[in-house]
Amino acid sequence: MEVIEEKEEQEQKEEELKGLEPSSELHDVETKLSVEQVCFSSDVPDFDWNSIDTSQLPDSYKMNSPREKKLLRIADHYHQQYAHLCPERKPLFLHPVNECGVEKFVSTTLRPTLLPYTELYHWDGCASFVSDFLTMEPLKCPLTLPSCLYSPTTILKYQRGNCFDFSVLLCSMLIGAGYDAYCVSGYATHDICSLDETLEECPLLRKPQEVPKEEVKKSNKYRVKSLPDMHSKFELQQEAKKKAETEATLKKEREEMGTELEEPTRDRLCGLRVHAWVLVLSGKREVPETFFINPFTGNSHSTMDEQFLGIESVWNHENYWVNMQDCQNGCKDLVFDLSDSVHWEIMLSETAKPLQLLLSAEKENELFDRNMDDMEEEEEEEEEEIHFTMPPSWVAQIQLSPKEFETRCSQGRKVILYKKAKLEKWAPYLNGNGLVKRLTIYADLSCTEVVEVKEWFKNREDMLDMREVNKQTQLTTEYFSPGHLFGLKVHIYKSMSPQTERVMEFYHETRVDGLQKLAENANEMREYFVGRDDFKYFQHTEFRAKRKKVTLAGTTTDGRNSRPIVQIKECFHRNLQKPADEDVAERVFLIEEEVIQLTYHLKDKYITASKKDFLKPTEGYRKQSEIMTPEMCITYQAGSPEQHTKLVHLYKLLQELTEEEKRLKQQAWQSQAEVLKILEIRENEEADIQLSASIYDTERNEKKRQEYEAMMNAKRDEFPGQRDQDLDYLAPFLIQIGSPEKITKRQALRLRDDCLSDFKNRLVSKANIIQAHFEKEVEELQKKNQQFQENQNQLSKEEEAAFLADYSETMFRIHILALRLDREKQTAPQKYLALEEKLCKDPRLAEHLGHA
Amino acid sequence: MSQSDNSFEPNVIDDEMLQKAVEEQWPEDIRNIAKAEGGIDFKDVMELQLSFRNILQIDNLWQFENLTKLQLDNNIIEKIEALESLVHLVWLDLSFNNIEVIEGLDTLVKLQDLSLCNNRISKIEHMDTLQELQIFSIGKNNLTTLENVVYLRRFKNLRALNLTGNPFCDEEQYMLFVVAHLPGLVYLDFKLVSDTTREVAISNYQYLTDLLEHEEAQALAQLEEKQAQQKELEYHKTAFVEYLNGSFLFDSLYAEDTEAAKLAYLPGVDDLLQAYRKDFVSVCENLFNYGLKEYEKREAEVAEFYEGLHEVLTANQEEGRKIILDFENQNKMRLDEIHHASSHDTAESMRAEYNEDILQLSETLMTLEMQMVDQLEELIKEFERNIAVIASTFIDNVKGMMTQCRDLENRHHEKLLEISISALEKSLKNELDEELPDDVREFLVDKNVIVNMVNKSHNIHLLKIDMRECDILLNTYHWEAFVKEKALQNEIDRNRNRVKEIFQYIDDLQEQLEKTQIPEPME
C-alpha cells in the first residue's frame with residue numbers, strides 16, 4: 001500500500017514541477033537575474049528542516065483522502081483557467097507540499113483552534129504570541145513563493161518558520177477565536193519581509209496621541225472688554241520676523257546634519273518581495289474596520305499602509321480567492337468585499353458566503369435555483385466544482401502546554417532592534433531578579449551611546465514593576481505595584497545614600513497620613529498629602545545643614561534623628577465649614593527665630609489675606625508675670641480694621657501652636673526615619689531578590705505544593721483509625737437517661753451497672769454464637785461421617801478424595817472454633833474487669849465511682 | 001467643689017456668682033491675662049458649671065450666647081426658665097433639682113444630651129423641637145404612665161435613654177414596651193439592649209407599633225404632600241402666575257357676583273356660561289404656561305449674569321493677589337534690613353524708599369480697582385438693558401392675553417344681555433315655559449333693572465380681570481427694579497470694601513514701617 005502511495009506522491013511532485021516550469025518562464029529576464037542575485041543572501045540559521053522527524057506524524061499528514069485528491073484536481077483546473085486568463089501574472093500559492101512531502105491545499109492547512117489561554121482570545125494577544133513564540137526565517141528566495149508549507153503543529157514544535165508559516169498559525173488561531181481572518185499571499189517592502197524594524201520607532205516609545213480637548217466652555221455674553229493694548233504692533237512684528245529667521249537657519253542646519261544618516265536606501269526589488277500576512281475583515285468579533293496583521297511583529301496595520309505593496313490571493317479554511325484588482329498603488333485602493341466577483345475570483349463558488357454578503361433568504365433561494373438550472377447545462381466537472389465543499393483540515397489539533405505558552409520565545413529570550421532602541425524580552429521566572437523586558441534607548445542610529453535603560457519586572461516579592469535609569473542625568477526611577485511596605489509607588493533617586501536628592505511617591509489611599517509624595521534633598525524635605533481630615537496638603541521642612549566635622553565623624557542614626565530643624569511650613573486647603581478668615585491657609589514655624597506666622601484663606605472678593613505673626617516670648621521673659629502682651633502678636637485682619645482680637649484668644653492660640661510645633665518637629669524626624677527605613681528595606685530587597693508565585697501555580701510555588709501534599713497525606717493517614725477513637729462507649733446509656741449535663745451518684749451507679757451488664761450480655765452472646773457454630777459444625781460432620789460410612793463401598797475414588805478433603809476442612813473449622821471459644825472464655829473476665837476499671841476512671845463518672 | 005458660704009440659703013444666679021464660676025474653671029495664666037484685659041467676656045465662655053450652689057431660680061444667663069455646655073445639677077431649681085437665649089447649647093444637665101414640669105426648652109434646638117434625672121417630673125412633654133436629642137436621662141422621677149414613653153418616638157437620633165427609678169419601671173412589661181416602641185435605642189438604663197430582648201419586644205408589641213408606624217407614615221405623607229403643594233405654589237408665585245392653572249380666576253369672577261347667580265336661572269345662560277368658562281380657562285392656561293416659561297428665562301438671564309460676574313471678579317481677585325504676593329516676596333527682608341542698617345542716615349533713606357514702594361503698590365491696586373469699576377459698570381448696564389427687554393416683552397404679552405380675557409368677557413356680556421332681554425320679553429308675554437324662582441321672577445319685570453344687573457355683573461368681572469393683570473404687572477416691575485438694584489448695590493458694596501481693604505493694607509504696611517526701630521542718629 002505504502003509503496004503505491006509513495007509512487008503517487010512522486011508522480012504528483014513531478015506534475016507539480018512541470019506545473020511550475022511554464023509559470024516560471026513567465027518571469028521576465030530581469031527578474032530572473034535578480035532572483036539569482038538575491039537568492040544567495042538567505043542567511044538561514046543552521047537549522048535543517050530535512051532533519052525533522054516525520055515518522056510520528058498521523059496518517060493524514062502522509063496521504064491524501066479522496067476528497068483532498070479531488071480538491072487538488074479542482075485546484076489544478078482552477079489554476080489552469082487562471083493562467084489562461086492572466087498569463088502575465090505569477091503562479092498562485094495553491095498546494096505546496098507539507099513536511100511529509102505530500103501536496104496539500106493551503107486552505108486545509110489552516111486548523112481553526114481556540115487555545116485555552118485568556119490572552120489568546122483576542123487578536124492582539126494571538127499576534128504578539130505568534131511573533132514572540134516563533135523564530136523568523138527568511139524565505140529561501142525572497143522573490144518566489146516557497147515550495148512547501150508545513151503544518152502549524154510542526155511549526156509550533158520547532159518554533160521557527162517563514163512568513164507563510166507565521167501567517168497560517170496566526171490565522172488558525174484567529175479563526176478559532178472567532179475572527180473573520182484570512183491568510184494573504186502578496187508583496188511587501190524589504191523591511192516588512194526581513195523583519196527589519198531598525199527604521200521604526202519602538203512601540204513602547206510611541207507617545208500616546210494627545211486627544212485635543214474639546215472646548216466645552218460656552219461663551220458667556222457677560223464679559224468684560226479687554227483693556228486697550230498699548231504696545232506697538234510694528235515692534236512686535238519685527239521681533240517675530242527676526243525670531244522666525246533665526247529659527248529657520250537653525251532648522252536648516254539641523255536638517256543638513258540629520259538627513260544624511262536617516263535616509264533609507266532605495267530597494268531595487270521593491271514590489272517583488274513575496275510576503276504573507278493576515279487579513280482580518282470587519283464584522284465578526286466587533287472588529288470595526290478591516291486591517292492587516294504583520295505576523296512577524298504582531299502589529300496591526302491599516303489596509304492603507306504603504307508597506308504592503310500588493311495581494312495575489314487570500315484564503316481561509318473554507319475557500320480561496322484570487323485578487324483581480326490592480327495593485328499599482330499598493331493595497332490602498334483595494335476593495336475587500338470578497339463576495340464581489342469582479343474584484344475577487346473565488347475558487348469554490350458554493351461556499352462563497354463571506355460575512356459581508358448579507359443576502360436575504362429569498363434572494364439566496366433564487367440564486368440557488370438559478371445555480372440548479374445552470375448546473376444542468378454545465379459540464380460534469382464544473383458541477384462537481386460547484387458542489388464541492390472544502391474537506392476538513394488534515395492537520396492534527398494544535399496544542400500548547402502552559403509551560404510553552406509561558407516561556408514564549410525559544411529559550412525564553414528574544415531581542416528586537418528598533419530605531420535607536422533595543423528591546424529584550426525574557427520569559428517570567430527565567431531571570432532570578434524577575435526581569436522580563438528591557439528597553440535600551442540609544443542616542444544614535446548605530447546604537448553605541450546609551451541614553452536610557454528601562455527594565456520591566458514581574459512576580460517580584462518587593463512589587464518592583466519597572467526601573468528606568470537615565471544614563472545622562474544618572475537618575476534612577478523605580479515604579480512599584482500596590483502592596484509594597486509603606487505604600488511606595490515611585491522612587492526617584494541618584495544614590496541610595498540617605499539625605500541626598502530623591503523623590504518618593506506613595507499610594508496615598510493605603511497610608512494613614514495620606515502622604516502622596518515626598519521630595520528630599522540635602523537640607524529640606526517636601527511632603528505632599530492628599531485627602532487629609534485636617535486639609536493639609538503640603539509641608540516643607542528645612543533642616544540645618546550639618547557641619548562637615550560632624551559628618552566626618554560618622555554620626556549614627558541618633559545623630560541624624562536630631563538634625564535641627566530651621567523651619568516648617570504647612571499649607572492647607574480651604575475648610576468650608578469655617579469662615580475664610582479663621583481658616584488657616586499657611587502656617588510657618590520659624591523655629592530658630594521663635595516666630596510663628598499664620599496666613600489665612602482669602603475672603604470672598606478680597607485680595608489680601610488675614611495674617612497673624614507670633615513672636616514667641618523668650619524663656620527669661622516668660623518668668624515674669626506678663627506672659628502675653630499685645631506686642632507679641634502682629635495681626636492684620638483683612639476687611640475689619642477695628643475688630644481687635646482678645647489677648648486670651650491669642651494666648652490660647654499660641655499655646656496650641658506651641659504644642660503643634662513640638663508635634664511637627666517630632667513628625668518631621670519620624671518622616672526622616674521612615675525614609676531611612678525605606679532605603680534600608682529597599683537595599684535589603686535588592687540584595688536578596690525574592691520572586692513570588694501565585695498560589696495556583698503548583699509548579700513554582702514549592703511551599704504551597706508541599707503543604708498541599710502534606711495535607712493530602714495527612715488526610716489519607718488519618719481517615720481509617722479515626723472512627724474507633726471517637727466512639728463513646730457511654731453514649732447509648734447516657735441517651736437512655738436523657739443525657740444530663742451533670743450526673744448524680746445514683747445515675748452514675750446505674751450507668752455503670754447498665755454498662756457492665758450490657759457488656760456481659762454481649763460477651764455471653766458472643767460466646768454463644770461461637771458455641772452454636774461449633775455445635776453445628778460438629779453435627780454436620782457427624783452426619784457426613786455417617787453417610788460416608790454407609791455408602792463407603794459404592795463411592796468412587798474421586799468422591800472419596802472429595803469427602804476426605806471436605807472432612808479435613810470441617811475438622812479444621814471445628815478446631816478453630818474450639819480455639820476461639822476457649823480464648824473467649826479466658827479473656828472474657830479480663831475484658832469485663834478492664835471495662836469496670838475504665839468506667840471508674842471515666843471523667844464523667846469518676847466523681848461518684850472513684851472511691852466506690 | 002467649693003460650696004457657697006451660705007449653703008443653706010436658696011440662691012438666684014447673679015453676676016457675681018457667674019463671674020466666680022467662670023474664673024474658677026480657667027487656668028491661672030489665662031485668668032491673669034483676661035483680668036489684665038479688663039474682665040472676662042461671657043460671650044467667650046463655651047462651658048459653664050454651676051453645680052452645688054443652692055440655686056433656686058435660673059437667671060442672668062442671657063449673656064452666655066455661645067455656651068454649649070451647661071451644668072446646673074444639684075441645686076434646688078423648681079422651674080426651667082431663662083434658658084431661651086442659649087441656642088447653641090448641646091449639653092444640659094438639670095439633674096438633682098426640684099423640677100416638676102418639662103418646659104422652656106423649645107429654643108434649644110441643638111441640644112443632644114439632656115439630663116433631668118432626680119427631679120419630680122410626672123410627664124414627658126414640651127420637647128418637640130429637640131430633634132437632635134441623642135442621650136436623654138429622666139431616671140428617678142415621677143413618671144407613672146408607661147404610654148408616655150411613646151412620646152420619645154419623635155426623636156429619631158435618640159440612642160441612650162435612662163428611665164430607672166420611675167414608678168412605671170415596676171410594671172412587668174416595662175422593658176419590652178420601651179424597647180418595642182423605641183426601635184433606635186441602643187442603651188436603655190445604662191445597659192446595651194440585646195438583640196434577643198429587641199426581638200421579643202418587637203414580636204410582643206407588633207400590633208401596637210404597627211398601628212403607630214402606620215399613623216406616623218400617614219402623617220408624614222400628608223405633611224410631605226402639603227409641603228410639595230406649598231413649594232409648587234411658591235414656584236408659581238415667583239413666576240407671578242399663581243392660581244392661573246385652572247379655573248381659579250374664573251371662579252373668582254363669580255365669587256362675589258350675586259347678580260350672576262340669579263341670571264344663571266334664565267334659560268340658555270347655563271350653556272353660555274359653560275362655553276365662556278371653557279374659553280376663559282384655556283386663555284388662563286396659556287398665560288400660566290407662558291408665565292412659567294418666562295420665569296425660567298428670567299432666572300437663566302440672572303444666573304448667566306452672575307456667572308459672568310463671578311468669572312470677572314475671580315480673575316480680578318487673582319490679579320490683585322498676585323500683585324500683593326509679588327510685593328510681599330520682594331519686601332520680605334526689607335524691615336529687617338532697615339532695622340539693622342549701618343547708620344541712621346542710610347536707614348532713613350531706606351525707609352523713605354520703602355515708603356515710596358508702598359505708595360506705588362497702593363497706586364497700582366487703586367488703578368486696578370478703577371479699571372474694574374469701569375468694566376463692571378458696563379457689564380451692569382448691559383445686564384439692566386437685557387432685564388428691561390425681558391420684562392417689557394413679558395408685560396406686553398401678559399397684557400395681550402388679558403385683553404383676550406376681556407374680549408371674552410365682553411362677548412359674554414353681550415350675549416347675556418341678549419338672552420336677558422329676550423327672557424324679559426318672553427316673561428312679559430308670559431311665554432316662559434320654565435318655572436323660575438321667585439327672586440328671579442322679581443327682576444324680570446323691568447328692562448332697566450335687568451340691564452343694570454347684567455351691567456353690574458359685567459363690571460365686577462372686568463374689575464377682577466384688571467386687578468389680576470395689575471398684580472402681574474406690578475410684580476414684574478418690582479422684580480425688575482429689585483434685580484437691578486441688587487446688582488448695583490452689590491457692585492457699590494464690593495467697590496467700597498475693596499477700597500477700604502486697600503487702604504487698610506497700606507496703612508498696616510506703613511504702620512509696620514513706622515514701628516521699625518532704626519539706629520539712633522550719631523551725635
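Heavy atoms only: backbone and side chains are in, while hydrogens, waters and symmetry mates are out. Every chain is numbered from 1 and lettered A, B, ... according to where its sequence line falls, protein lines coming before strand lines.
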Please state whether the side chain, the backbone, both or neither of [X] comes within less than 4.5 Å of a heavy atom of chain A.
X: B:Glu377; result: neither
X: B:Phe383; result: both
X: B:Glu318; result: neither
X: B:Asn386; result: side chain
X: B:Leu325; result: neither

Inset, instruction - Report yes if some heavy atom in the side chain of A:Asp604 is under 4.5 Å from a heavy atom in the side chain of B:Leu313; otherwise report no. - result: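 Counting from C-beta outward, A:Asp604 and B:Leu313 never come under 4.5 Å.
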Legend entry - Side-chain heavy-atom pair A:Tyr636, B:Gln512 within 4.5 angstrom cut-off: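 No; the side chains remain at least 4.5 Å from each other.
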Atom [atom1] of [X] and atom [atom2] of [Y]: how far apart are they, to the nearest 0.5 Å?
X: B:Asp336; Y: A:Glu593; atom1: CG; atom2: CD; result: 7.5 Å
X: A:Lys605; Y: B:Asn495; atom1: NZ; atom2: CG; result: 12.0 Å
X: A:Tyr606; Y: B:Ile324; atom1: OH; atom2: CD1; result: 12.5 Å

Legend entry - Top contributor to chain A contacts, counting heavy-atom pairs under 4.5 Å, from B:Gln317, B:Arg494, B:Glu501, B:Arg321: B:Glu501
Is the number of heavy atoms from other residues, nucleotides or ligands under 6.0 Å of [X] [atom1] greater than 12?
X: B:Glu363; atom1: CD; result: no
X: B:His340; atom1: NE2; result: yes
X: A:Arg663; atom1: CZ; result: yes

With a cut-off of 3.5 Å and sequence neighbours excluded, list every side-chain donor-acceptor pair involving residues 480-487 of chain B.
unit_1	atom_1	unit_2	atom_2	d
B:Glu480	OE2	B:Lys484	NZ	3.0

Inset, instruction - Begin with the C-alpha distance, continue with both residues' side-chain angles, and end with the deciding distance and a verdict on side-chain contact (heavy atoms from CB on, under 4.5 Å) for A:Ile607 and B:Leu365. - result: CA-CA 10 Å; A:Ile607 51 169; B:Leu365 290 175; 3.9 Å; yes
Legend entry - Partners meeting side chain to side chain donor-acceptor pair (under 3.5 Å) with A:His540 (sequence neighbours left out): A:Glu524
